[in-house]
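Here's the structure, in structure tokens; my notes come after.
Sequence lines set the chain letters: A, B, ... in the order given, protein chains first and strands last, and positions in each chain run from 1.
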Amino acid sequence: MPTDAKEPSGPSNFIRQIIQADLKRGKYEGRVVTRFPPEPNGYLHIGHAKSICLNFGFAEEFGGTCHLRFDDTNPSKENVTYVESIKEDVRWLGFDWDAHLYFSSDYFDRLYEYAISLIKLGKAYVDSLAPEEIRAYRGTLTEPGKESPYRQRSVEENLDLFQRMAAGEFEEGECVLRAKIDMAAANIIMRDPTLYRIRKRSHHRTNDKWCIYPMYDFAHCLSDSIERITHSICTLEFENNRELYDWILDTLGIYHPQQIEFARLNLSYTVLSKRKLIELVDGGFVDGWDDPRMPTISGFRRRGYTPGAIRNFCDRIGVAKRDSMVDLALLEHCIREDLNKHAPRFMGVLRPLRVVIENYPAGETESLEAINNPEDERMGTRLIPFSRELYIEREDFMEDPPKKFFRLAPGREVRLRYAYFITCTGIVRDENGEIAELRCTYDPATRGGDAPDGRKVKSTLHWVSADHAVNGEVRLYNHLFTVENPAAAEDFKAVLNPDSLEILGKAKLEPALAGLGIGEPCQFERLGYFCKDLKYSTADQPVFNRVVTLRDQWAKIKKQQKADKKQ
RNA sequence: UGAGGGUUGGUCUAGUGGCAAGACGACGGGUUCUGGCCCCGUUAACACAGGUUCGAAUCCUGUACCCUCAGCCA
């Protein structure tokens, strides 16, 4: 094994075992070359991240290389915008293809020559059947197909016709190049599959050089072969195509990588099909590909997820061949775990309730020291202004508190984090009878947050000094869908969660938050992790995205109490 | 009812003839200036039926159920 090999991440899996066995047997002379082959027709999502981590991960683990290859064989769907976004996303995830950036379209000349070789071998022919006829001739899952009347064309005629296809002498749909295999094959893929079709479209890289384009099955195995890939790792839906992958390379007698299939990722409460994601974007159901609710890499990035959390998630979900649905809770666990260790803490009040400390001198301000991250003392401390009028979270006060509610209530004493103990002495109501303000007293002896007499309080609240608060907008995100498996719904758009985005326009934030950079995740103590949005933040008003909530014991108790009441 | 795959706690994943393990979740407790983190504990699985074997999640046979394939998409 090469000396630069890395430790495997996560538990072992069947693909690693295949690679290890191949290495042991000396197959591929000890090389490990993988590739990530996206089609540039959409943005990358978390399912692609699994594939990226697998391919780049194995290459790194075994001291090999991983190629980034754009599978751009269909000019009617692909464009450069997608190429750029994909490169950005792979880089952001932390992977480096080094010099190995390729395009299937780079191989169009060689692919054309391989097609000529197949024709000369008598293994491919130009078929002039109409598309509907080809479908009818293919047979069904249980009945064999019929041979095309054009199947017996001579090598010379096929060569001539194929060259004329390439020269633009035929219209789209008039003819195709097909492999000559077996119209009665049990595997439908093998019933003379189409190799080349005519598309009179300009390609984003080869422009108007070609009007014939290779199909996936033809281009993919040959691209793998040309790049001397060793392990061609793809998803389960290509299992049936492996027979064709092998047939093309064997018939041509050229270098033959091994295709290995694994189960694609399914994540609860979201969809991971490119088609459905495009529908959400085009239908205006979300705010673009990078909407923080989207399961795209760019969506997670904007939401405030870190590459490390996503990589860790990919390691932990494992790889296997069975269809599965991973619980979104695992992804949330991964980002909490990362951010808990690394994110600086701040205080921010989402739904402000004004509090006046009656025995605190008006006009006075003092600074209190707060710890930036209790998990990492190297992150230091900061000063927070305190004054007579503050804001606390509306839900941290209840006039008539139920059992197990430890927070502020009339006559009750609680701690303001890093500040003082306060006791609620009165409620001020507005004309509608709603609670408009709280009157409290503070105990000067508890400065910093501890009582010299050793008395305890049941809870600690976050707060922001009214005069010093920065106004901001906060966006709370919830599951995009109301059901675990929206893909199984009759219409997945009908199960979109109407509450997936909640905008809070009147948040009061600790002044230090103004200095936080765009996209740097932080914790709002007791609430969750947030990060400043790169699209909507302005110089005078920051907009914060909630990455994920903190685990919330009280929310569970509340839910339970509500359920008990119903019974 | 053609072919190719699959089936281990609620979820994901190990196991490769010898004590069914880990993570997430859920539940309970401890600790705590975040009802966070951390710590401890509980819960809970080999699809089914036969067979081989001293011994089977693992090997064999059969059954059931699930997924993929009938694009000139990938």
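The aromatic ring of A:Tyr216 does not sit over the base of B:A74; the criterion of centres under 5.5 Å apart with planes under 30° is not met.
Across all strands shown, A:Leu236 has no heavy atoms under 4.0 Å from either base or sugar-phosphate atoms. Within the 4.0 angstrom heavy-atom criterion, only backbone atoms of the sugar-phosphate kind lie near A:Arg138; the bases stay farther away. A:Val457 comes within contact range of no nucleotide atom at all, as no heavy-atom separation falls under 4.0 Å. Backbone-only contact: A:Ser12 has heavy atoms under 4.0 Å from sugar-phosphate atoms and none from a base. Across all strands, A:Lys556 comes closer than 4.0 Å only to sugar-phosphate atoms, never to a base (heavy-atom distances). At the heavy-atom level, A:Tyr213 lies nowhere under 4.0 Å from the strands shown. A:Ser268 comes within contact range of no nucleotide atom at all, as no heavy-atom separation falls under 4.0 Å. If you check every strand for non-hydrogen atoms under 4.0 Å, A:Arg135 touches sugar and phosphate atoms only. Residue A:Met325 is in sugar-phosphate contact alone, with no base atom involved, counting any heavy-atom pair closer than 4.0 Å across all strands shown. Within the 4.0 angstrom heavy-atom criterion, base atoms lie near A:Phe405. Contact annotation for A:Arg191: no contact, since no heavy-atom pair falls under 4.0 Å across all strands. Here A:Asn241 lies in heavy-atom contact (under 4.0 Å) with a base. Within the nucleic acid shown, A:Pro37 has no heavy atom closer than 4.0 Å to any nucleic acid atom. Residue A:Tyr418 is classed as a base contact, given a heavy-atom separation below 4.0 Å to a base.
One finds the SG atom of A:Cys424 at 13.5 Å from the CE atom of A:Met398 (value rounded to the nearest 0.5 Å).
A side-chain donor from one of A:His67 and A:Glu227 sits under 3.5 Å from a side-chain acceptor of the other. Residues A:Gln560 and A:Asp564 have side chains that bring a donor and an acceptor to within less than 3.5 angstrom of each other. Judged by distance alone, the side chains of A:Ser148 and A:Arg178 never bring a donor and an acceptor atom under 3.5 Å apart. Judged by distance alone, the side chains of A:Gln259 and A:Glu261 do bring a donor and an acceptor atom under 3.5 Å apart. If you check the side chains of A:Asn373 and A:Glu375, you find no donor sitting under 3.5 Å from an acceptor. Checking A:Arg415 against A:Thr460 by side-chain atom types alone, a donor-acceptor pair falls below 3.5 Å.
Relative to the side chain of A:Thr460, the nucleotides B:C12, B:G36, B:U34 differ in distance, and B:U34 lies closest. In the set B:C69, B:G35, B:C73, B:C69 carries the atom at the smallest distance from any side-chain atom of A:Leu141. Out of B:C73, B:A3, B:U34, the shortest distance to the side chain of A:Asn240 is found at B:A3. Closest approach to the A:Glu237 side chain among B:U68, B:C73, B:U34 is made by B:U68 (side chain taken as heavy atoms from C-beta onward). Closest to the side chain of A:Glu525, out of B:U34, B:C67, B:G35, is B:U34. Closest to the side chain of A:Leu550, from the set B:A14, B:G36, B:C12, is B:G36. Checking B:G35, B:G71, B:U13 against the side-chain heavy atoms of A:Gln553 singles out B:G35 as nearest. When distances run from any side-chain atom of A:Arg197 to the nucleotides B:G15, B:C73, B:G5, the shortest one goes to B:C73.
One cannot find a donor-acceptor pair under 3.5 Å joining the base of B:G36 and the side-chain atoms of A:Arg336. If you check distances only, the side chain of A:Glu375 does reach the base of B:G36 with a donor-acceptor pair under 3.5 Å.
Between the CD atom of A:Glu510 and the P atom of B:U34 there is a distance of 16 Å, given to the nearest Å. B:G4 atom C1' lies 14 Å from atom CG of A:Leu244, rounded to whole Å. Rounding to whole angstrom units, NE2 of residue A:His342 and C1' of B:G36 are separated by 16 Å. Atom-to-atom, CG of A:Leu339 to P of B:U34 comes out at 19 Å; the value is rounded to the nearest Å. Atom CG in A:Asp552 sits roughly 16 Å away from atom C1' in B:A26 (whole-Å rounding). Atom CZ of A:Phe524 is separated from atom C1' of B:G36 by 15 Å (rounded to the nearest Å). Protein atom CZ of A:Phe218 is 18 Å distant from nucleotide atom C1' of B:G71, rounded to whole Å. Between A:Arg322 atom CZ and B:C65 atom C1' there is a gap of 15 Å when expressed in whole angstrom units.
A tilted orientation is assigned to the rings of A:His48 and A:His45, their planes being inclined by 30° to 60°.
In this structure B:G71 sits in the syn conformation; its chi angle is within 90° of 0.
Partners of A:Ser324 under the side-chain hydrogen bond (donor to acceptor under 3.5 Å, both in side chains) rule, at least two apart in sequence or in another chain, do not exist in this structure. A search for side-chain hydrogen bond (donor to acceptor under 3.5 Å, both in side chains) contacts involving A:Arg455 returns A:Glu413, A:Asp443, A:Asp453, not counting sequence neighbours. In this structure, the side chain to side chain contact (heavy atoms under 4.5 Å, CB included) partners of A:Ala487, at least two apart in sequence or on a different chain, are A:Lys276, A:Asn485.
Taking atom P in both B:C46 and B:A20, the straight-line distance is 13 Å, to the nearest Å. Nucleotides B:G51 and B:U13, compared at atom P, are 32 Å apart to the nearest Å.
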How is the base pairing of RNA chain B summarised as a dot-bracket string, given the Watson-Crick and G-U wobble criteria with both distances under 3.5 Å, [ ] for crossing and | for another strand?
.((((((..((((....[..))))((((((.......))))))...(((((..]....))))))))))).....
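Both A:Leu527 and A:Asp71 lie close to RNA chain B; mapped to their nearest nucleotides by heavy-atom distance, the more 5′-ward contact belongs to A:Leu527. In terms of position along RNA chain B, the nucleotide closest to A:Lys321 lies nearer the 5' end than the nucleotide closest to the other residue of the pair A:Lys321 and A:Cys175.
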Under 3.5 Å between N/O atoms: give me all the protein pairs with nucleotides 22-24 of chain B, atom names plus distance.
residue : atom : partner  : partner atom : Å
B:A23   : O3'  : A:Arg316 : NH2          : 3.4
B:A23   : O2'  : A:Arg316 : NH2          : 2.9

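Under the side chain to side chain contact (heavy atoms under 4.5 Å, CB included) rule, A:Glu393 has a single partner from A:Leu527, A:Leu353, A:Leu461, A:Leu408, which is A:Leu527.
Listed by first then second residue, pairs satisfying ring pair (Phe, Tyr, Trp, His ring centres under 6.0 Å) with a partner in residues 169-196 of chain A read A:Phe162-A:Tyr196, A:Tyr196-A:Phe218, not counting sequence neighbours.
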